[in-house]
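Right, one structure below, let's go through it.
All heavy atoms count here, side chains included; hydrogens, waters and symmetry mates do not. The sequence lines fix the lettering, A, B, ..., with proteins before strands; numbering per chain opens at 1.
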Protein chains: 2
Amino acid sequence: MAGPRWLDDHQQRAWRGHLAMTAQLQAQLGRRLQADAGLSFADFDVLVALSERDGPLRVQELADGLQWEKSRLSHHLARMQKRGLVERQDCPDDARGAFIVLSADGRRAIEQAAPAHVEAVRSLVFDGLDDRQVEAWAAISDEVLARVERDRAVGS
Amino acid sequence: MAGPRWLDDHQQRAWRGHLAMTAQLQAQLGRRLQADAGLSFADFDVLVALSERDGPLRVQELADGLQWEKSRLSHHLARMQKRGLVERQDCPDDARGAFIVLSADGRRAIEQAAPAHVEAVRSLVFDGLDDRQVEAWAAISDEVLARVERDRAVGS
DNA sequence: TGCTACTCGTTGACGTGTCATCGAACAGGG
DNA sequence: CCCTGTTCGATGACACGTCAACGAGTAGCA
């Protein structure tokens with residue numbers, strides 16, 4: 001069972017803690033969002049991205065901003081459109097392309113969902129952490145993200 | 001757009017960093033696992049749980065250990081059984097129940113996959129963090145996890 | 001024994017994510 | 001203008017996760 005370079009006890013503990021925490025936190029935030037506003041976590045991310053840069057957005061731009069694969073976004077937008085959360089407009093510059101805009105319902109949904117979601121993030125996460133921990137957390141995430149992206153670039 | 005109790009800049013930065021990091025890290029580890037051993041992240045978790053407590057395991061025990069919903073586990077075990085990674089035995093004590101055991105292929109798969117996976121976790125995560133950061137990370141995860149579980153208990 | 005209530009694990013329906021692939025449209029060089 | 005290669009976004013097939021519901025078995029109690 002012992003390969004070379006196993007994890008030491010502290011690393012093991014941190015890693016298992018991270019896995020458990022992310023899974024449970026994600027699930028709980030998702031459940032709340034669903035109960036409060038009928039939105040999934042993914043819906044929320046799309047709506048936030050659309051409302052931040054208000055106005056039509058190309059599918060590819062949206063995918064870049066969300067760091068989603070284009071096919072995932074295409075499927076998701078189709079479902080959201082069917083529910084009336086977003087609308088498509090065709091793109092005069094490029095006949096292949098499509099613009100995505102928030103519908104009135106979509107805007108209503110995000111504006112209604114956001115306060116409760118932010119409050120949930122605050123109460124589940126930040127109310128338990130002091131400033132030093134928040135800084136440390138950001139630094140850790142940045143470091144790991146940088147490594148993952150380097151690795152992704154190499155592997156491709 | 002300004003509800004009561006928004007996130008401050010540091011919190012915002014930490015939160016977005018966390019979301020991006022977890023998404024990318026999970027995806028990258030999953031891709032590697034898939035490429036190296038033909039396993040998904042979920043397969044890996046199940047196989048680890050089965051190999052840690054060597055021998056037959058009741059479905060519910062497995063679900064508790066993994067913190068998975070029983071239906072998710074049932075679906076997943078069906079797929080893994082179809083691929084020959086696990087086997088079922090019936091349970092003499094309780095005719096409703098089922099025992100799950102690692103198959104020979106399953107054991108081979110986990111033993112082959114584990115070293116590369118651990119090495120990936122090390123190189124993507126822990127090689128970039130010092131001891132103090134690892135401790136801080138574990139403390140943060142524990143604190144958030146405790147809050148989520150309290151919240152989950154209340155809400156139900 | 002017979003009744004009720006509960007637990008075990010499975011199932012079906014449905015939303016979601018990934019991969020490979022597609023047709024259509026663009027871009028640039030002959 | 002045509003040809004070639006690329007990009008845009010959509011699609012089909014399939015793996016995955018959740019919810020509600022189910023049948024079968026168990027436990028408690030009269």
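A straight line from CG of A/Leu57 to P of D/dC8 spans 14 Å, rounded to a whole angstrom. Taking atom CD on B/Gln34 and atom C1' on D/dC16, their separation rounds to 12 Å, with Å as the unit. Residue A/Phe41 contributes atom CZ, which lies 14 Å from atom P of D/dT18 at whole-angstrom precision. Rounded to an integer number of Å, the gap from B/Gln60 CD to C/dC8 P is 5 Å. Nucleotide D/dC8 holds its C1' atom 14 Å from the CG atom of A/Leu62, rounded to whole Å. Taking atom CD of A/Gln81 as the reference point, atom P of D/dT11 lies 10 Å away to the nearest angstrom. Atoms CG (B/Asp64) and P (C/dT7) sit 13 Å apart, rounded to a whole Å. Here the P atom of nucleotide D/dA10 and the CG atom of A/Asp94 are 12 Å apart, to the nearest Å.
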(message) For nucleotides 15-21 of chain C, give me one character per nucleotide, 5' to 3': B if any protein heavy atom sits under 4.0 Å from the base, S if the only such contacts are to the sugar-phosphate, - if neither.
(response) -BSBBB-
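A salt bridge is defined here as a Lys NZ or Arg NE, NH1 or NH2 lying under 4.0 Å from an Asp or Glu carboxylate O, and A/Asp43 with A/Arg79 fails to meet this definition. Classification of A/Arg83 and A/Asp105 as a salt-bridged pair fails, no side-chain N sitting under 4.0 Å from a carboxylate O.
No continuous path of hydrophobic side-chain contacts links B/Phe99 to B/Leu57 [ILVMFWY only; heavy atoms under 4.5 Å]. No continuous path of hydrophobic side-chain contacts links A/Phe44 to A/Val101 [ILVMFWY only; heavy atoms under 4.5 Å].
Between the side chains of A/Arg88 and A/Gln81, a donor-acceptor pair is found at a separation under 3.5 Å. There is a side-chain donor-acceptor pair under 3.5 Å between A/Gln28 and A/Arg31.
Residue B/Arg96 places a side-chain atom within donor-acceptor reach of the base of C/dT7, judged by atom type and a 3.5 Å distance cut-off alone.
Phosphate contact (OP1/OP2 of D/dG9, side-chain N/O of A/Arg58, threshold under 4.0 Å): present.
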